[in-house]
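Report on the structure given below.
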Amino acid sequence: MSKVTEYLQSIMTKIEEKNSGESEYLQAIHEFIPTITPFLEKNPAYMEQNILEILLEPERIIQFRVPWQDDQGNWKVNRGFRVQYNSAIGPYKGGLRFHPTVSASVVKFLGFEQIFKNSLTGLPIGGGKGGSDFDPKGKSDNEVMRFCQSFMTELQKYIGPDMDVPAGDIGVGGREIGYLFGAYKRLNGYHTGVLTGKPLSYWGSLVRTEATGYGLVYFVKHLLADQKDSFSGKKVIVSGSGNVAIYAIEKVHELGGKVYTCSDSSGYVYDPDGIDVALLKELKEVKRARLSEYPSARPKATYYAGESVWTSTESYEIALPCATQNEITSELAQNLVTQGVKVVAEGANMPSTLAAVHVYQEHGIQYGPGKAANAGGVAVSALEMAQNSQRLPWTFEQVDQELDKIMATIFETCRDTAKEYAVPGDLLSGANIAGFAKVTQAMISQGLV
Ligand code: NDP
């Protein structure tokens with residue numbers, strides 16, 4: 001066994017002991033660690049300085065009680081989190097997720113991935129993530145407002161425009177960001193740059209709503225262009241029907257491909273004429289309705305209650321998972337192979353299990369991992385911070401072009417780094433090595449802090 005392999009195994013063992021039972025977090029670390037082997041073989045000084053073990057330890061984890069009152073006057077409580085994982089290249093940056101599945105394990109895995117994603121954008125932002133096991137689904141606006149106010153009353157002690165800048169994620173959209181911003185302002189005065197994903201009327205950025213979905217499709221566009229191919233005429237399967245899914249579908253259609261599916265946690269829709277984006281926006285963004293209502297406006301479409309979109313038996317060429325972690329298991333990945341899928345690019349964070357990623361690799365499916373392919377959201381969040389500091393709004397075209405350029409650079413960085421470390425085509429290794437190299441270089445230059 002090489003010295004590097006021995007070192008990496010010893011670190012893995014320690015991480016497993018210290019974080020036992022945290023399955024999502026351990027999964028993300030298991031995926032990451034082996035991929036940096038070629039980098040450490042080439043740069044043994046990084047191993048001698050033990051910088052990996054230091055990086056793996058989050059700088060700070062905050063957990064807090066969030067008491068709130070429902071519309072009937074009942075007292076309730078949820079758990080809030082913020083993981084400030086790494087600030088070597090900038091203030092902590094990463095979304096807040098409100099979903100019943102949020103736990104220390106989930107926010108740690110998301111925070112860890114965020115370090116490398118943020119580094120790949122080329123912008124000066126460190127890695128963080130947070131959220132709560134509060135479920136906004138089925139709650140009234142007033143309940144969501146009271147919850148957000150209570151959540152921010154505690155979180156505001158730890159964040160600030162140059163310190164830690166949260167944004168949205170699952171269950172946290174414009175409504176929640178508005179309430180969180182109002183609560184922060186009441187306690188600290190007006191600090192435009194403390195949150196991103198703000199509404200446009202108080203210094204949100206154009207394209208932030210579209211950014212993750214559009215960015216994902218730009219990433220695939222550059223991957224296809226690298227092989228003299230394009231989206232034109234491509235059959236695409238998408239999961240999710242939230243912020244990322246909606247704008248990914250919209251951009252695929254703009255570029256000449258067709259998306260046939262979308263889903264939520266209750267089932268999925270197959271529309272043989274292609275998903276009607278205007279209808280989807282009306283259902284999800286305006287009415288906050290369930291996807292099961294889609295076929296009543298599109299009689300040719302079918303809603304498959306209780307089924308995963310990844311069991312679809314139609315044929316597709318490109319798959320864009322945009323819902324949540326671990327939605328594609330190895331069996332479902334095998335189904336994608338059977339359907340003829342050639343490219344999987346992740347809008348969601350860690351939607352493919354490790355076994356599913358192995359299936360992609362064994363069958364030559366090109367794989368764009370979330371930390372590269374969905375970085376467009378945080379990239380435009382960083383552009384929102386830049387506009388807030390400048391006190392100048394940029395135009396839609398300006399931000400959109402910048403986003404496209406950033407996604408091109410991320411793709412090229414992953415591709416070229418994979419080539420440099422003798423794993424050509426392996427964009428996962430390319431993303432991990434490029435992110436790791438930049439962040440650890442910064443950490444080493446700042447000394448043991
Ligand atoms: P939304 O809350 O807007 O939408 C989430 C979608 O995924 C909904 O359709 C939801 O269905 C579905 N979903 C959530 N949990 C499950 C589950 N357990 N099983 C099946 N479906 C589920 O979130 P976003 O679109 O913002 O986020 C989607 C993914 O993209 C997440 O992994 C997030 O971390 C990632 N991401 C988001 C970014 C952003 O800018 N928003 C940036 C980068 C990554 P239902 O309504 O039934 O819950």
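Start at 1 and go down the list; that is how both ligands and their atoms are numbered.
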Ala348: numbered ligand 1 atoms lying under 4.0 Å from its heavy atoms: 29 (C), 30 (O), 32 (O), 35 (C)
Which of these, Val83, Leu26, Ile29, sits in a side chain to side chain contact (heavy atoms under 4.5 Å, CB included) with Lys108? Val83
Mind jotting down which residue pairs meet the ring pair (Phe, Tyr, Trp, His ring centres under 6.0 Å) criterion with at least one end in residues 106-129? Sequence neighbours excluded, please. Phe32-Phe112, Phe32-Phe116, Tyr85-Phe112, Phe112-Phe116
Short side-chain donor-acceptor distance under 3.5 Å, Glu250 and Tyr214: yes
Can you find a non-hydrogen atom of His99 under 4.0 Å from ligand 1? yes
NZ/NE/NH1/NH2 to OD/OE distance under 4.0 Å, Asp404 and Lys221: yes
Which protein heavy atom lies closest to atom 14 (C) of ligand 1, and at what distance to 0.1 Å? Thr324 CB, 4.2 Å
N/O separation below 3.5 Å, Gln325 to ligand 1: no
By the definition side chain to side chain contact (heavy atoms under 4.5 Å, CB included), identify the one residue from Asp264, Thr261, Thr302, Ile275 that meets it with Val269. Ile275
the protein heavy atom lying closest to atom 37 (C) of ligand 1 turns out to be Val244 CG2, 3.4 Å
Within the side chain of Ser150, is there an N or O that forms a donor-acceptor pair under 3.5 Å with the backbone of Phe147? no
How long is the span from the NZ atom in Lys18 to the OH atom in Tyr25, to the nearest 0.5 Å? 9.0 Å
Please list, in number order, the atoms of ligand 1 under 4.0 Å from a heavy atom of Cys322. 28 (C), 29 (C)
Output the list of atoms in ligand 1 that are nearer than 4.0 Å to some heavy atom of Asn374, sorted by atom number. 43 (C), 44 (C)
In this structure, does ligand 1 have an atom that sits under 4.0 Å from one of the heavy atoms of Lys137? yes
Looking at atom 41 (N) of ligand 1, what's its closest protein heavy atom, distance included? Asn243 OD1, 3.5 Å
If you measure only the distance, is there a donor-acceptor pair under 3.5 Å linking the side chains of Thr196 and Ser381? yes
Nearest protein heavy-atom contact for atom 12 (C) of ligand 1: which residue, which atom, what distance? Ala323 CB, 3.9 Å
Residue, atom name and distance, where the atom is the protein heavy atom closest to atom 27 (O) of ligand 1: Ile170 CG1, 3.6 Å
I need the atoms of ligand 1 closer than 4.0 Å to a non-hydrogen atom of Arg208, numbered in the order shown. 40 (O)
I'd like to know if Asp271 pairs up with Lys300 as an ion pair, taking the criterion as any Lys NZ or Arg NE/NH1/NH2 lying under 4.0 Å from an Asp or Glu carboxylate oxygen. no
Going by heavy atoms, is Ser263 under 4.0 Å from ligand 1? yes
When distances are taken from atom 47 (O) of ligand 1, the protein heavy atom at minimum range is Ser265 OG, 2.5 Å
Lys/Arg N to Asp/Glu carboxylate O, Arg290 vs Glu293, below 4.0 Å: no
In terms of residue, atom name and distance, what is the protein heavy atom nearest to atom 33 (C) of ligand 1? Asp169 OD1, 3.1 Å
Would Tyr304 and Ser308 count as having a side-chain donor-acceptor pair, cut-off 3.5 Å? no
Proximal atoms of ligand 1 relative to Gly240 (non-hydrogen, under 4.0 Å): 9 (O)
Tell me whether the guanidinium CZ or amine NZ of Lys185 lies under 6.0 angstrom from the six-membered ring centre of Tyr202 and within 45° of its axis. no
Any Arg290 heavy atom less than 4.0 Å to ligand 1: yes
Which atoms of ligand 1 sit under 4.0 Å from any heavy atom of Gly171? 2 (O)
Which part of Glu327 is near ligand 1, with near meaning a heavy atom under 4.0 Å away: side chain, backbone, both or neither? neither
Which residue and heavy atom of the protein sit nearest atom 42 (C) of ligand 1, plus the separation: Thr212 OG1, 3.3 Å
Scan the protein's non-hydrogen atoms and note whether one is under 4.0 Å from atom 35 (C) of ligand 1. yes
Can Thr192 and Asn388 be counted as having a side-chain donor-acceptor contact under 3.5 angstrom? no
